[in-house]
Amino acid sequence: MAALSIRTLSKRYANLEVLKGIDLDIESGEFTVLVGPSGCGKSTLLNIVAGLDRPSAGTIEIGGRVVNDIPPKDRDIAMVFQSYALYPSMTVRQNITFGMECRHVPKIEQEKAVTNVAKLLQIEPLLGRKPSQLSGGQRQRVAMGRALVRNPLLFLFDEPLSNLDAKLRVEMRMEIKRLHQRIGATIVYVTHDQIEAMTMATRIAVMHQGSVQQFADPDTVYRYPANLFVARFMGSPPMNTMPARLEAENGSLVVIIGAGRPDEVRLRLKGYDAAAPFVGREVVFGIRPECIAEGSRAFSGDAPVLVNAPVEMVEPTGAETMVLLRLGGEPAMARISPDIRPAPGASASFALDTRRICLFDPETERLIA
Ligand SMILES: Nc1ncnc2c1ncn2[C@@H]1O[C@H](COP(=O)(O)OP(=O)(O)OP(=O)(O)O)[C@@H](O)[C@H]1O
Ligand SMILES: [Mg+2]
């Protein structure tokens, strides 16, 4: 049984259509991340699931029960908001037990629950403090603890790490992931951070302008982005995309970047038969920065495809060197070994992993192969 089913859900505010026919089925125990740029409708969707807002059309089912007309407190969900409002006059312990107090949970059970989550979130020494005596990250964990003592059908998190510094963010990210692995909870987690999505999700729903563009596991989203929006949104730096032409040559597909130019790049493709209908037509060629490496490096499998390309800019980051180069005149970022620093203004040899490229239809922007 699906833990959460969202059916043809739409939402409009006056003339503005914020959600446009969303369909999602989330299984019990899944960690689903809703990711997308600011304003794409993530919080609106989460708030409708929580019952804090009403849909204009469509249904929400939680644990097999349609909840459209059921108030938030009876939906068996726990939500952590972007701004985690704690009760300032209560201690951490009181903040965590407040909900249980209201539901008249026996004291001994409350104590057990607090001990458990406090240990899990490493906030045991803080239980006697007031929120004002906590750091942002500690408050964040208290808010999380307040949700976790609930053991609901569904956890809803709306950008719960957005107020934390980079280091704490990474720590909390791992903590939440560990938490999920440990308690097997069903989680719907909203973020606009694609790294958070990639690292935590069992499945990612990529949203754009009120629609789900792709709903799949992180590897699939990264490797086979459903369209150009997903290709460019997921990954940092994003996938390089550029106009190209598809031809057939001795029974093989060949993609040509900068066709007719003296520096045109011709790449023979294997395993891209789905693109055959596009022979003789324009396509959008996509290649991730890590699929362009220094010429001395061989990608596993086939012999590397080498191209000589002019280098425009070199950015050493410590762990890797980012290189802006030109492929058939089109700009492309490469992620190469940190030991290698090609000279800007000169040409260098680069290896391309042609088994991991993407081709898109320039009209529909959908993935072809
Ligand atoms: N009450 C409202 N009335 C009118 N428009 C609204 C209302 N609430 C949200 N919107 C609009 O709906 C769109 C989606 O908003 P939403 O808060 O869901 O975005 P989001 O994806 O959560 O963005 P962010 O990443 O910035 O939090 C935005 O264009 C927003 O301006
Ligand atoms: Mg939001």
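Index from 1, following the sequence.
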Can you tell me how far [atom2] of [Y] sits from [atom1] of [X], rounded to the nearest 0.5 angstrom?
X: Ile287; Y: Ile292; atom1: CD1; atom2: CD1; result: 4.5 Å
X: Thr44; Y: Leu52; atom1: OG1; atom2: CG; result: 11.5 Å
X: Gln140; Y: Leu121; atom1: CD; atom2: CG; result: 10.0 Å
X: Cys358; Y: Met239; atom1: SG; atom2: CE; result: 3.5 Å
X: Phe31; Y: Ile26; atom1: CZ; atom2: CD1; result: 11.5 Å

Would you say [X] has more than 12 foreign heavy atoms packed within less than 6.0 Å of its [atom1]?
X: Gln181; atom1: CD; answer: yes
X: Ile108; atom1: CD1; answer: no
X: Arg366; atom1: CZ; answer: no

Quiz item: cation-pi between [X] and [Y], 6.0 Å / 45°:
X: Lys270; Y: Tyr272; result: no
X: Arg203; Y: Phe215; result: yes
X: Arg288; Y: Tyr222; result: yes

Indicate whether any N or O donor in one side chain lies under 3.5 Å from an N or O acceptor in the other, for [X] and [Y].
X: Arg232; Y: Thr241; result: yes
X: Asn308; Y: Ser349; result: no
X: Gln214; Y: Asn227; result: no
X: Ser5; Y: Asp25; result: yes

Next item on the list: Following the transitive rule for hydrophobic clusters with a side-chain heavy-atom cut-off under 4.5 Å over Ile, Leu, Val, Met, Phe, Trp and Tyr, establish whether Phe155 and Val117 coincide in one cluster.
Entry: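 In one cluster: yes.
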Margin query: Quick check: closest heavy atoms across Val33 and Ala201, and the distance to 0.1 Å?
Written below: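 Closest approach of Val33 to Ala201, heavy atoms only: CG2-CB, 3.5 Å.
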Item checked: From CA spacing to verdict: side chain to side chain contact (heavy atoms under 4.5 Å, CB included), Arg129, Leu134 -> CA-CA 8 Å; Arg129 293 201 204 164; Leu134 302 175; 4.2 Å; yes
Notebook entry, point to check: Looking at side-chain heavy atoms only, is the closest gap between Phe285 and Ile357 below 4.5 Å?
Noted result: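 Side chain of Phe285 against side chain of Ile357, heavy atoms only: contact under 4.5 Å found.
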Under a 4.0 Å N-O cut-off, is there an ion pair linking [X] with [Y]?
X: Arg169; Y: Glu196; answer: yes
X: Glu109; Y: Lys107; answer: no
X: Glu124; Y: Lys119; answer: no
X: Glu111; Y: Arg93; answer: yes
X: Glu61; Y: Arg7; answer: no
X: Arg103; Y: Glu101; answer: no
X: Arg266; Y: Glu249; answer: yes
X: Asp74; Y: Arg65; answer: no

Checklist line | Candidate pair Asp193 and Arg173, rule salt bridge (charged side-chain N to carboxylate O under 4.0 Å, His left out), full reasoning | finding: CA-CA 11 Å; Asp193 180 340; Arg173 195 165 83 196; 5.2 Å; no
Margin query: With side chain to side chain contact (heavy atoms under 4.5 Å, CB included) as the criterion, how do Arg54 and Ile48 come out once you've worked through the C-alpha distance, each side chain's angles and the decisive distance to 0.1 Å?
Written below: CA-CA 6 Å; Arg54 290 190 65 84; Ile48 290 175; over 6 Å; no
Note to self: Over 60° means perpendicular and under 30° means parallel, so tell me whether Phe229 and His208 are parallel, tilted or perpendicular.
What the structure shows: parallel
Item checked: Under 3.5 Å donor-acceptor, Arg139 side chain and Pro131 backbone -> yes
Checklist line | Steps toward side chain to side chain contact (heavy atoms under 4.5 Å, CB included) verdict (Met174, Met200) | finding: CA-CA 8 Å; Met174 290 201 280; Met200 296 201 290; over 6 Å; no
